[in-house]
Structures are given as C-alpha cells and as structure tokens.
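All figures in this text were calculated on a predicted structure; none of them were measured in a lab.
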Amino acid sequence: MDAPASRPARPVDPVVMALNLLNSPRTRTALLKAVEERVKTDAEERRRFAAAAGRVQGATGEPALTQAVGNYLRDLSRLPEAGRSGPYLWLAETVAILAGGGGRPGQPATLFRDPRAEAEALFRPRGAASA
C-alpha cells in the first residue's frame, strides 16, 4: 500500500491563532496587553478597536475587554486584501512570539511567513509613524 503524497502545510491564519490564544487563560493576558499596545500607538488600529469595542454587549471589566479584542481580531480578518498586510504581519509576529514560535519583534516567525507582506515591508519608510 502506497503512502499518500505529502502536501505542504497550509499557512496558519494569524487571526485564528490569536483567537485561540485569547481563549486560553494562559495566554489571554499577554495577548490583551499586546493589542492594547498596538492600539495605543496606531491611530487606524485605535479606530478599528473602538468600533469593535462598541459592539460589546452584556459584559463589563475583563470579559468586556476580551470580547472587544475578539471582535477586533475578527474585524481584521475581514479587511480588504489591500489593507490587510500591515495588521496581519503585526498579528503574525505577535502570535508567534506569544505561542513560543520564536521570532522577535520586527522579524516574522517562519510559521507565519507572508512573502507579500515581507516585500511590502521592504518599501515602507523606516521609522515613519502610521497615519
């Protein structure tokens, strides 16, 4: 009996991984802090997060924050292709670090390599703040 031909593994969606981390008590706090830092430093992400937080219902405190971050992550997965690279690259790096997949900030982990995002990053001005 012949062994089935091996297929390359599908890339893991960073949003799915982030939602898994959000649902784990062991990694939830670290992910919440990472999203908080991202939202504080990027005006566009702050706007997205505010929209996601506005849809939280029936929760207060940490459960409300967790629900808002979940909404925010799901919103990232619905971004148009053209606007997705930056947030996805940040999320992939963050998830890889939190999941113990290695990598360091600014260096995507191999599990989440996105050649298009890496190519676009080469042409972004260094040190330019997002508008």
Query raised in the report: Between atom CZ of Arg48 and atom CG of Leu73, what is the distance when rounded to the nearest 0.5 Å?
Result: 12.0 Å

Report summary line: To the nearest 0.5 Å, atom CG of Leu22 lies from atom CG of Leu98 at 11.0 Å

Report summary line: Exactly one candidate in Arg55, Arg38, Glu45 meets side chain to side chain donor-acceptor pair (under 3.5 Å) with Tyr72; the answer is Glu45

Query raised in the report: Within a strict 4.5 Å, meaning less than it, do heavy atoms of the Leu65 and Val56 side chains meet?
Result: no

Query - Least distance between heavy atoms, Ala18 atom then Leu91 atom - result: CB-CD1, 3.8 Å

Report task. Look only at the side chain of Asn23 and the backbone of Leu19, and say whether a donor-acceptor pair between them is shorter than 3.5 Å. Result -> yes

Query raised in the report: What are the two closest non-hydrogen atoms of Ala52 and Asn71, and how far apart are they?
Result: O-ND2, 3.1 Å

Report task. Output yes when a side-chain donor or acceptor of Ser24 lies under 3.5 Å from a complementary backbone atom of Leu21, and no otherwise. Result -> no

**Report entry** Shortest non-hydrogen contact between Leu76 and Tyr88, atoms and distance
**Finding:** O-CE1, 3.6 Å

Report task. May I ask you to decide whether Glu37 forms a salt bridge with Lys33, counting only side-chain N to carboxylate O separations under 4.0 Å? Result -> no

Report task. For residues Gln67 and Ala59, report the shortest heavy-atom separation together with the two atoms involved. Result -> OE1-CB, 3.7 Å

Report summary line: Looking only at heavy atoms, the pair that brings Leu79 and Pro87 closest together is CD1-CG, 3.9 Å

Query raised in the report: Got a second to check how far Glu36's CD is from Thr41's OG1, nearest 0.5 Å?
Result: 10.5 Å

Report summary line: One should read off an interatomic distance between Trp90 CH2 and Asp42 CG, to the nearest 0.5 angstrom, of 10.0 Å

Query raised in the report: Does CZ in Arg26 sit with more than 12 non-hydrogen atoms of other residues, nucleotides or ligands closer than 6.0 Å?
Result: no

Query - Row check, Phe49 ring normal vs Arg46 NZ/CZ: under 6.0 Å, within 45° - result: no

